[in-house]
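Have a look at the structure below, then the notes.
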Amino acid sequence: MAQDLKDTLLLPKTDFPMRAGLVQREPGRVAHWEKLQLHGRIQANRANSPKGSFVLHDGPPFTNGDVHIGTALNKTLKDIVNRYKSMQGFRTPYVPGWDCHGLPIEQKVSREIKEQNLTLTTAQLRAKCDEFSESWIKKQTEQFKRIGVLADWANEYKTKAPAFEADVLRTFAAFVEQGLVYRSKKPVYWSIPFETALAEAEIEYKDHTSIAIWVKFLVPAAEAAKFGLPADKPLYIVIWTTTPWTIPANLAIALHPEVEYAVVDLGAERIIVAFPLIGTVATAAKLEVMPSAIWPTTFMGAKLEHLQARHPFIDRASPVVLADYVTTDSGTGAVHTAPGHGAEDYLTGLKYKLAIYCPVGDDGKYLDDGQVPADLVGLTTLETVEDLKAKKPAPANLGVLKKLAEAGALLAKAKYAHSYPHCWRSKTPIIFRAVDQWFVSLDKAGHRQLALGEITKIAQHQGWIPAWGEARIRGAVESRPDWCISRQRSWGVPIIAFYGPDKQAWIDAGVIRAVAAKVATSGTNLWYDATPAQILEGVKLPAGWPAPADLTGGRDTLDVWIDSGSTQAAVLKTGQGGTHWPADLYLEGSDQHRGWFQSSLWCSVIAWGGAPYKAVLTHGFIVDKDRQKISKSSTYQKPQTADAYIAQHGADVIRLWIASQDFRDDIPVDDEILKHVGEAYRLFRNTLRFQLSNLFDFDATKHAIAPEKMDMLDRWALHQTAVLIDECTKAYDAYEFHRVYQLCNQFCSVTLSATYHDILKDRLYTLGAAHPLRRSSQTAIHAIFDALVKILAPFITFTADEAWSYATTNQEYSDGSIHLQNWPIAPPEWTNPKLATEMVSRLKYRALVNEAIEPLRAAGKLGKSLDAVVTFQGVHADHEMHAVGQDLSALAELFIVSDVKFTPTAGVTPENSILIEPCAELSYHRCPRCWRWVPKLVHNPHGEVCPRCAEALKS
RNA sequence: GGGCUCAUAGCUCAGUUGGUUAGAGCACGCGCUUGAUAAGCGCGGGGUCGAUGGUUCAAGUCCAUCUGGGCCCA
């Protein structure tokens with residue numbers, strides 16, 4: 001009998017599975033979208049949108065490995081933005097990009113070649129790099145698709161593509177054209193055996209025994225007097241260095257402005273060293289220094305700035321300069337400064353306008369430049385592998401020691417064991433050596449001011465998100481020195497510069513453009529495969545150039561930041577895939593303020609006179625649960641690939657995790673967090689499923705009820721939905737996805753699951769199919785489902801699409817897609833603040849009733865709330881309750897109890913006068929069909945049921 | 001070491017211009033339900049708002065210093 005009655009209920013029904021099976025089933029939907037050509041259809045759908053297009057310009061990931069979870073985070077955020085904007089009615093052409101050139105790939109390929117003992121030409125090496133990069137582009141594309149990224153994959157850009165390389169060269173030509181490109185020296189790591197510059201990544205640190213020397217630099221008496229120093233005996237500043245061979249290149253002595261220095265009397269002479277280091281210098285020089293030997297007046301380093309000391313064996317000044325990096329940890333507190341042989345020295349040299357002087361040739365030998373003493377010229381700075389084994393110092397070091405000793409400038413020397421950089425291929429110590437590089441002047445034509453002006457303009461319309469992004473990029477742009485754009489590498493866009501027989505460099509914008517045109521069709525390997533004469537065939541050379549036959553092509557490549565800085569030129573300026581310049585949004589990690597955002601800004605400002613973006617959104621970095629970076633983490637040692645996470649949780653859960661975090665700050669990841677996100681995912685899925693399952697017999701076109709005729713509870717639910725849509729839209733517009741997540745979470749769990757849906761079950765299951773109240777609720781559910789699934793669609797793209805397919809066709813897959821839909825808009829009639837306020841009080845009483853029921857449950861007197869009758873006593877004392885109490889049956893429904901009664905009793909407040917009684921103990925009878933307790937059951941073919949069920953059974 | 005930045009319950013987030021006993025969801029504990037069922041409902045415990053000092057009648061909210069984390073430089 002019970003089963004018979006149960007069969008008369010309209011219980012929820014759907015094929016939309018409760019279990020998601022994301023890991024197994026998502027790939028099917030990826031394939032389905034491919035088949036539908038979803039991205040293309042979405043764009044076609046918006047082809048004539050009055051809102052126009054929203055262009056998010058993709059920052060290219062580097063193509064040398066599997067997609068990292070951090071890269072997946074970035075791409076997913078972009079995908080969320082695109083999907084939202086698309087639903088808002090914008091065309092969202094999204095051209096994905098790939099960063100292909102650069103050292104990590106060249107190095108990886110070079111190592112493989114070395115392991116195979118192969119010798120390749122530059123062009124062959126480049127071909128291998130191309131192949132390597134291409135293979136990762138294919139893999140990464142699949143990995144991005146797997147996490148649900150929708151893009152115009154057929155229109156992707158690659159920085160190694162000929163057309164792209166041509167645009168990079170055109171950007172470079174614009175620099176040249178404006179006279180910004182100049183040649184200057186800068187120190188680089190230098191491998192003497194290979195006569196080539198090395199990158200940091202090509203260096204191995206090994207133990208090495210160097211010769212440490214303490215060298216005296218004379219302070220002429222006149223200078224001593226000028227700076228208030230004792231001048232009656234010879235006075236020296238003592239420096240300390242572990243690279244004696246750099247002494248001929250010494251151009252200055254650096255002191256710390258705020259370190260205390262002392263003059264120490266050694267009898268026949270005096271020396272200046274940092275006060276805290278007097279002891280160590282004395283020990284090294286085997287001297288005994290009595291306190292009385294220290295000049296009573298000490299002074300700060302700043303006092304000696306610009307003092308002109310003398311080089312120990314070359315007739316030139318070595319001025320005192322100031323530098324913050326000087327320490328008193330070791331040495332003398334006076335740092336030997338050779339701008340051509342050290343990174344810090346170089347910067348100090350720029351600051352003090354010293355020459356970037358390097359008297360050492362490509363072969364590591366001293367040059368005869370008129371300054372290097374004749375007996376040093378030709379000596380090499382190289383220590384060969386044999387020298388290292390024999391512990392034999394480089395000839396240049398020995399030569400300098402000899403010169404210093406002859407000059408009486410060597411205060412002390414000692415062996416010094418430390419870790420020193422070595423060439424990864426020749427295994428010999430590298431030297432730091434200034435070589436000619438190409439630079440771009442950033443101030444010559446006022447581009448820095450222009451760039452800063454653009455930063456301000458973007459800030460004026462809140463384009464820096466978060467706002468502090470402005471300060472970060474401004475700092476980077478303000479402090480950036482002239483841009484060194486040449487690299488001594490092979491895997492990159494070659495710098496189109498020629499060298500005459502006398503090694504003079506020839507560069508011209510017109511020539512670069514002409515070569516770019518050839519590169520556009522044949523690629524930059526042309527530069528390596530063809531002779532200059534072939535390359536320049538048909539190119540009109542500017543007046544004064546040597547004949548092509550007398551030229552050789554330069555072997556430098558452009559800094560890869562020019563590549564990526566030119567994406568705006570190659571993609572946006574050409575309108576690739578329907579994009580436009582400037583982009584509406586750039587979205588990358590906050591490290592890019594100094595990186596891509598800056599390089600793009602410079603390239604765009606110089607070439608096109610303005611910023612390439614209207615807004616720049618940044619996200620933080622993934623950290624572990626203790627907010628430590630993953631690489632430092634003890635918990636996460638395995639490779640952090642996107643695929644590994646997806647294989648465990650499914651793309652939608654990973655996407656939801658990304659959406660749930662305030663990504664402007666660091667983004668923690670750990671099992672607990674992902675587990676919680678998994679719970680939220682199931683909440684969303686079950687909520688949608690419950691709605692779908694209760695719409696199985698609902699056809700909106702036939703059964704929908706007009707809003708004004710809908711039941712109060714349903715209208716309240718629609719009001720709440722209107723609020724949700726409004727707040728979520730605002731949050732999406734502000735890129736605050738975590739707020740959307742929180743709002744939806746609360747909406748689903750509190751508003752729907754615990755309240756609205758719970759109350760609705762009685763109506764939906766037990767009333768007649770076409771009962772107005774049931775249809776009213778179905779109308780509301782239908783509308784709420786529509787809004788909710790759309791709001792969630794940018795996050796859980798797979799699940800939303802799946803639910804949409806079931807909602808529209810009752811099939812797992814269909815030709816339509818949620819992602820082709822428009823963003824939900826709440827009709828004005830949904831909004832009903834008065835009703836919302838009333839419901840607040842009713843729900844307050846609902847909570848009080850629940851609270852009152854609890855003790856009875858604990859006592860075992862009551863199970864479900866439907867078995868209770870509620871009696872409010874003293875209600876007339878409370879006007880709020882008076883308003884609430886207009887419709888007792890509606891209240892019973894709201895509270896999910898069987899009956900609500902009022903017993904006015906003066907002097908009792910509602911809060912303490914809610915009487916709960918089990919229906920079973922009173923004169924009620926339980927309807928076996930709807931489980932409600934009623935005063936009287938009636939006869940029916942199915943047995944005894946309540947009058948309402950009897951009515952329902954008639955239909 | 002410098003620039004920018006973050007710090008609220010176990011987790012993820014709210015907390016408008018400083019103003020009553022700091023909120024939500026999840027997790028946790030205890031129950032209920034078995035007609036959303038590898039689901040659903042109810043109740044409950046849990047935070048000296050990173051630390052210290054200051055301004056104020058009043059500070060999670062303003063100021064200073066410190067501690068710890070992150071990004072970028074050095």
Side-chain angles (χ1 to χ4, degrees), chain A residues 2 5-7 9-14 16 18-20 323-325 327 343-344 347 466-476 478-480 589-595 598 618-629 632 656-657 659-662 664-668 670-680 682-683 685-694 736 738-739 741-750 752-755 757-762 764-766 846-847 849-860 862-867 896 929-931:
Chain A
L5 267 180
K6 187 171 170 177
D7 290 342
L9 294 171
L10 298 165
L11 292 179
K13 199 161 72 182
T14 180
F16 181 67
M18 169 171 272
R19 295 268 284 156
D324 288 334
Y325 54 79
T327 68
E344 289 175 329
L347 292 173
W468 48 257
E470 185 199 358
R472 264 176 87 96
I473 192 166
R474 184 179 294 283
E478 277 172 348
S479 65
R480 186 191 225 310
S590 61
D591 55 334
Q592 299 303 332
H593 283 118
R594 186 168 279 270
Q598 194 194 182
T618 56
H619 61 254
F621 283 71
I622 294 180
V623 293
D624 72 7
K625 65 177 163 44
D626 300 319
R627 305 233 162 209
Q628 302 273 339
K629 61 165 79 177
K632 281 187 190 168
L656 193 57
W657 160 66
S660 75
Q661 302 277 332
D662 183 351
R664 295 164 296 194
D665 198 0
D666 303 327
I667 300 138
D670 84 318
D671 291 342
E672 190 192 358
I673 292 171
L674 287 171
K675 195 179 135 215
H676 288 163
V677 173
E679 303 277 354
R682 262 172 275 148
L683 168 69
R685 186 177 182 93
N686 280 324
T687 302
L688 294 174
R689 182 170 181 270
F690 179 83
Q691 296 183 324
L692 278 178
S693 67
N694 280 294
E736 292 176 334
H738 64 284
R739 300 213 66 157
Y741 170 86
Q742 298 275 343
L743 286 163
C744 287
N745 198 323
Q746 287 178 43
F747 182 76
C748 287
S749 66
V750 181
L752 295 184
S753 196
T755 310
H757 285 171
D758 204 28
I759 295 165
L760 244 45
K761 289 173 196 168
D762 176 62
L764 294 168
Y765 302 169
T766 70
R846 186 172 191 259
V849 167
N850 280 332
E851 210 179 311
I853 288 175
E854 205 56 26
L856 277 83
R857 268 198 195 114
L862 209 59
K864 53 163 132 7
S865 58
L866 206 51
D867 294 337
I896 319 186
R929 185 169 175 274
C930 70
W931 296 347

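Just so you know, these numbers use all the heavy atoms, side chains as well, and skip hydrogens, waters and symmetry mates. So you know, we letter chains A, B, ... as the sequences are listed, proteins then strands, and number each from 1.
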Checklist entry - Mind checking what makes salt bridge (charged side-chain N to carboxylate O under 4.0 Å, His left out) contact with Arg846(A), not counting sequence neighbours? => result none
Please tabulate, one pair per line, each protein N/O and nucleotide N/O from nucleotides 20-24 of chain B that are separated by under 3.5 Å, including the distance.
unit_1: A24(B); atom_1: O2'; unit_2: Gln746(A); atom_2: OE1; d: 2.6
unit_1: A24(B); atom_1: O2'; unit_2: Gln746(A); atom_2: NE2; d: 2.9

Item to check | Length of the line joining Asp626(A):CG and G70(B):P, which is rounded to integer Å | outcome: 11 Å
Checklist entry - For Asp662(A), which contact category applies under a 4.0 Å heavy-atom criterion: base, sugar-phosphate, or nothing? => result sugar-phosphate
Checklist entry - For Tyr765(A), what residues pass the ring-ring contact (aromatic ring centres under 6.0 Å, His included) criterion, not counting sequence neighbours? => result none
Checklist entry - Within the structure shown, what part of the strands sits under 4.0 Å from Pro466(A) by heavy-atom distance: base, sugar-phosphate, or nothing? => result nothing
Next on the checklist: Between G31(B) and C13(B), how many Å separate the two C1' atoms, rounded to a whole number?
Outcome noted: 29 Å
Checklist entry - If the sugar-phosphate is the primed atoms plus P, OP1 and OP2 and the base is the rest, what is the B/S/- string for nucleotides 3-10 of chain B, using protein heavy atoms under 4.0 Å? => result BBSS---B
Checklist entry - What string of B, S and - do you get for nucleotides 40-45 of chain B 5' to 3' if you count protein non-hydrogen atoms under 4.0 Å? => result SSBS--
Item to check | G70(B) OP1/OP2 closer than 4.0 Å to side-chain N/O of Lys629(A) | outcome: no
Item to check | Stems formed with participation of RNA chain B [Watson-Crick or G-U wobble, under 3.5 Å, three or more pairs] | outcome: B:1-7 with B:67-73, B:10-13 with B:23-26, B:28-32 with B:40-44, B:50-54 with B:62-66
Item to check | A58(B) to G2(B) separation - P atoms, rounded to the nearest Å | outcome: 35 Å
Checklist entry - Which part of the nucleic acid does Gly620(A) contact within heavy-atom distance under 4.0 Å: base, sugar-phosphate only, or nothing? => result nothing
Next on the checklist: Using whole Å, what does the distance between atom C1' of nucleotide U37(B) and atom CZ of Arg685(A) come to?
Outcome noted: 15 Å
